[in-house]
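Down below is the structure, laid out as structure tokens.
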Amino acid sequence: MPGNHMVLESPHRAGEDAVAALSFLEKVLAGYHPRDFEVRLWDGTLLKAEEKPRFTMVLNHPGVLRGMFLNPSQITLGEAFVRTDFDIEGDVVAAFALGDYLMGLHWGILDRFRMGRDLFTLPAAAKPSRSDHASAHLSGSVHCKKRDSQAIAFHYNVSNDFYRLWLDERMVYSCAYFTSTSDELDAAQERKLDYICRKLRLKPGERLLDIGCGWGGLVLHAARNYGVKAHGITLSRPQAELAGERIRAAGLEDSCRVEVKDYRELEGLGIYDKIVSVGMFEHVGKARLEEYFARAFRLLGTGGAFLNHGIAAGQGYCPDDDNSFIDRYVFPDGELLPVDVTLHAAAAAGFEARDLESLREHYALTLRHWIKRLDAAATEAIIAAGATTFRVWRLYMAGSAHAFDCNRINIYQALLLKPDKGKSGQPLTRADWYA
């Protein structure tokens with residue numbers, strides 16, 4: 001659409017606050033083309049899209065713009081959404097392109113003056129009410145055992161019922177593995193579990209350790225389908241309790257078990273044939289990286305394999321950003337590191353890297369499935385965990401999907417071996433992985 005003038009519809013003549021809001025939005029969005037979204041004000045006034053809208057941003061009261069833009073940041077925008085100052089109807093992932101645009105604006109002095117003038121004609125946002133999902137407040141030094149336990153509890157102990165609503169039937173809380181974009185989530189998660197088992201080349205009777213086993217989906221799959229003796233550990237007691245119930249229901253108590261334990265509490269030399277860690281690595285931290293790999297190396301038998309599956313920093317990601325909504329409200333103390341840093345630490349511990357695979361597109365698809373399922377179960381999710389938690393999770397998963405789309409974050413499966421005097425014991429090809 002030529003020029004900066006917006007098409008608007010209103011059920012009645014816009015009031016003073018709406019006029020000021022429209023003036024501000026016209027200036028802010030002047031450079032955003034083609035505008036593939038609509039904005040609906042609290043009085044019903046609609047700023048129409050330039051093309052078929054992918055979503056509608058709903059501003060719920062006159063104070064929302066002032067609250068969001070006086071000191072714009074990831075935190076202020078995220079908190080405004082969580083407080084229900086504004087809503088996103090439609091494709092919430094698509095809304096993050098608008099967020100990128102807003103966070104990337106650089107205004108001159110004159111522009112700042114004009115926009116500030118518009119903002120200050122609007123009322124101030126109401127004082128935030130007490131949240132049912134407050135930001136994390138952890139004690140102790142970062143990545144000590146006590147603090148890590150608190151961080152894990154903050155995220156994973158929300159409610160087993162909450163997670164059950166939008167995860168697959170096995171409650172696998174990590175990236176699925178798709179063969180096409182039309183795959184169902186349950187099938188893609190089962191495929192991922194089997195893909196990991198094939199990469200590890202599990203054999204009957206082998207001893208498998210799963211570090212950060214969640215609700216036990218992988219240990220159950222490996223024990224049932226590959227005949228291994230599987231041991232899972234987690235720092236979340238509700239996860240361990242539900243995993244134990246599922247193991248007993250499957251009649252697999254003799255071949256797999258799950259317990260609450262920190263990986264740093266595991267002792268022994270060469271007591272496992274294979275080790276896997278899926279979606280736990282993000283909680284380790286750079287300062288503990290060498291300790292993490294050294295512990296796994298000692299626990300693993302000579303010639304054994306360790307598959308480390310975790311999110312990594314991608315292009316444009318700033319791991320030292322203290323103004324992170326996710327760090328404050330979702331994953332406190334989480335650290336995403338470049339994959340080369342991870343592999344360097346693994347090599348320093350003695351591991352040989354045999355394979356590295358990015359599943360970035362797979363995680364973006366997984367997150368879209370989770371968002372769709374969460375939205376479909378919104379009423380039940382709010383009952384299980386509270387309205388604010390529902391909105392925090394919806395926002396964090398949508399933002400994460402966008403970040404994977406943009407390669408700001410990535411996800412890698414690294415297959416590491418503990419060599420036997422130079423002998424890898426591996427076949428010449430990976431053909432059996434894809435059989």
Side-chain angles (χ1 to χ4, degrees), residues 54-55 73-75 77-79 81-82 88 90-103 133 135-136 151-152 154-156 158 162-163 165-168 171-178 181 185 188-189 192 212 214 278-284 309-339 358-375 378 381 385 388-413:
R54 300 176 67 187
F55 66 92
S73 69
Q74 187 184 122
I75 291 289
L77 292 174
E79 290 181 338
F81 176 81
V82 171
I88 301 295
D91 187 350
V92 65
V93 178
F96 277 82
L98 172 61
D100 288 347
Y101 169 81
L102 296 176
M103 294 301 296
H133 184 97
S135 58
I152 294 301
F154 180 81
H155 184 87
Y156 294 97
V158 171
F162 174 71
Y163 284 105
L165 289 169
W166 47 273
L167 292 176
D168 64 296
M171 295 182 70
V172 179
Y173 190 26
S174 56
C175 171
Y177 190 65
F178 295 84
T181 56
L185 181 62
Q189 287 291 16
K192 187 274 295 294
V278 183
M280 174 271 179
F281 181 68
E282 302 86 344
H283 302 286
V284 171
H309 170 125
I311 301 173
Q315 293 177 341
Y317 181 79
C318 181
D320 295 324
D321 183 5
D322 293 328
N323 204 25
S324 166
F325 177 86
I326 286 181
D327 186 67
R328 184 177 295 186
Y329 288 97
V330 185
F331 283 116
D333 290 348
E335 292 185 42
L336 304 187
L337 306 171
V339 67
S358 168
L359 300 178
R360 180 165 63 85
E361 291 82 3
H362 296 264
Y363 218 151
L365 283 169
T366 304
L367 285 155
R368 283 177 166 85
H369 275 277
W370 289 346
I371 294 164
K372 182 179 179 180
R373 293 160 73 104
L374 179 64
D375 283 348
T388 303
T389 297
F390 167 77
R391 294 177 73 85
V392 166
W393 254 245
R394 187 171 186 249
L395 188 66
Y396 119 71
M397 290 196 290
S400 297
H402 178 70
F404 280 114
D405 286 340
C406 299
N407 193 25
R408 289 180 189 157
I409 56 178
N410 209 317
I411 177 117
Y412 293 98
Q413 286 186 350

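Both backbone and side-chain heavy atoms feed into the values below; hydrogens, waters and symmetry mates do not. Positions are given from 1 along the sequence.
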* Asked: Backbone N or O of Ser324 within a donor-acceptor pair of the Gln74 side chain at under 3.5 Å?
  -> no
* Asked: Taking Arg391 for the side chain and Phe81 for the main chain, is one N or O donor matched with an acceptor at less than 3.5 Å?
  -> yes
* **Leu367 side, atom CG; Lys372 side, atom NZ - distance, nearest 0.5 Å** => 15.0 Å
* Aromatic plane relationship, Phe404 with Tyr363 - under 30° parallel, 30 to 60° tilted, over 60° perpendicular -> parallel
* Polar side chain donor-acceptor pair, Thr366 to Lys192, under 3.5 angstrom -> no
* **Shortest non-hydrogen contact between Pro332 and Ala151, atoms and distance** => O-CB, 3.6 Å
* **Any Ile326 side-chain heavy atom under 4.5 Å of Ser400 side chain** => yes
* **Full working for ring pair (Phe, Tyr, Trp, His ring centres under 6.0 Å) between Trp370 and Tyr173** => CA-CA 10 Å; Trp370 289 346; Tyr173 190 26; 5.4 Å; yes
* For Asp327 and Asp333, indicate whether the former's side chain and the latter's backbone hold a donor-acceptor pair under 3.5 Å. => yes
* Just by modelled atom types, is the Leu167 backbone N or O under 3.5 Å from a matching donor or acceptor in the Arg373 side chain? -> yes
* Structure fact -> In this structure, CD of Glu79 is separated from OG1 of Thr388 (nearest 0.5 Å) by 11.5 Å
* **Separation between OH of Tyr177 and CD of Gln413, rounded to the nearest 0.5 Å** => 8.5 Å
* To do: On the 0 to 90° scale, with breaks at 30° and 60°, tag the Phe162-Trp166 ring pair as parallel, tilted or perpendicular.
  => perpendicular
* Asked: Below 4.5 Å, heavy atoms only, C-beta onward: do His309 and Cys175 meet side chain to side chain?
  -> yes
* To do: Measure up the His155 and Tyr396 rings against each other and bin them: parallel (under 30°), tilted (30 to 60°), perpendicular (over 60°).
  => perpendicular
* Asked: Going by heavy atoms in the side chains, are Asp405 and Arg368 under 4.5 Å from each other?
  -> yes
* Under a 4.5 Å cut-off applied to non-hydrogen side-chain atoms, are Phe178 and His369 in contact? -> yes
* Just by modelled atom types, is the Asp168 backbone N or O under 3.5 Å from a matching donor or acceptor in the Gln189 side chain? -> no
* Asked: Within a strict 4.5 Å, meaning less than it, do heavy atoms of the Leu336 and Glu282 side chains meet?
  -> yes
* To do: Identify the two heavy atoms, one from Leu185 and one from Ala176, that lie closest to each other, and give their separation to 0.1 Å.
  => CD1-CB, 4.3 Å
* ring pair (Phe, Tyr, Trp, His ring centres under 6.0 Å) between Phe390 and Trp393, intermediate numbers included -> CA-CA 5 Å; Phe390 167 77; Trp393 254 245; over 10 Å; no
* Asked: Which heavy-atom pair separates Ser174 from Val278 by the least distance, and what is that distance?
  -> OG-CG1, 3.4 Å
* **Ile411 CD1 to Glu361 CD distance, which is reported to the nearest 0.5 Å** => 12.0 Å
Result block: side-chain N/O donor-acceptor pairs under 3.5 angstrom for residues 91-100, not counting sequence neighbours:
residue : atom : partner : partner atom : Å
Asp91   : OD1  : Val93   : N            : 3.1
Asp91   : OD1  : Ala94   : N            : 3.3
Asp100  : OD1  : Arg408  : NH1          : 3.0
Asp100  : OD1  : Arg408  : NH2          : 3.3
Asp100  : OD2  : His402  : NE2          : 2.6
Asp100  : OD2  : Arg408  : NH1          : 3.4
Asp100  : OD2  : Arg408  : NH2          : 2.7

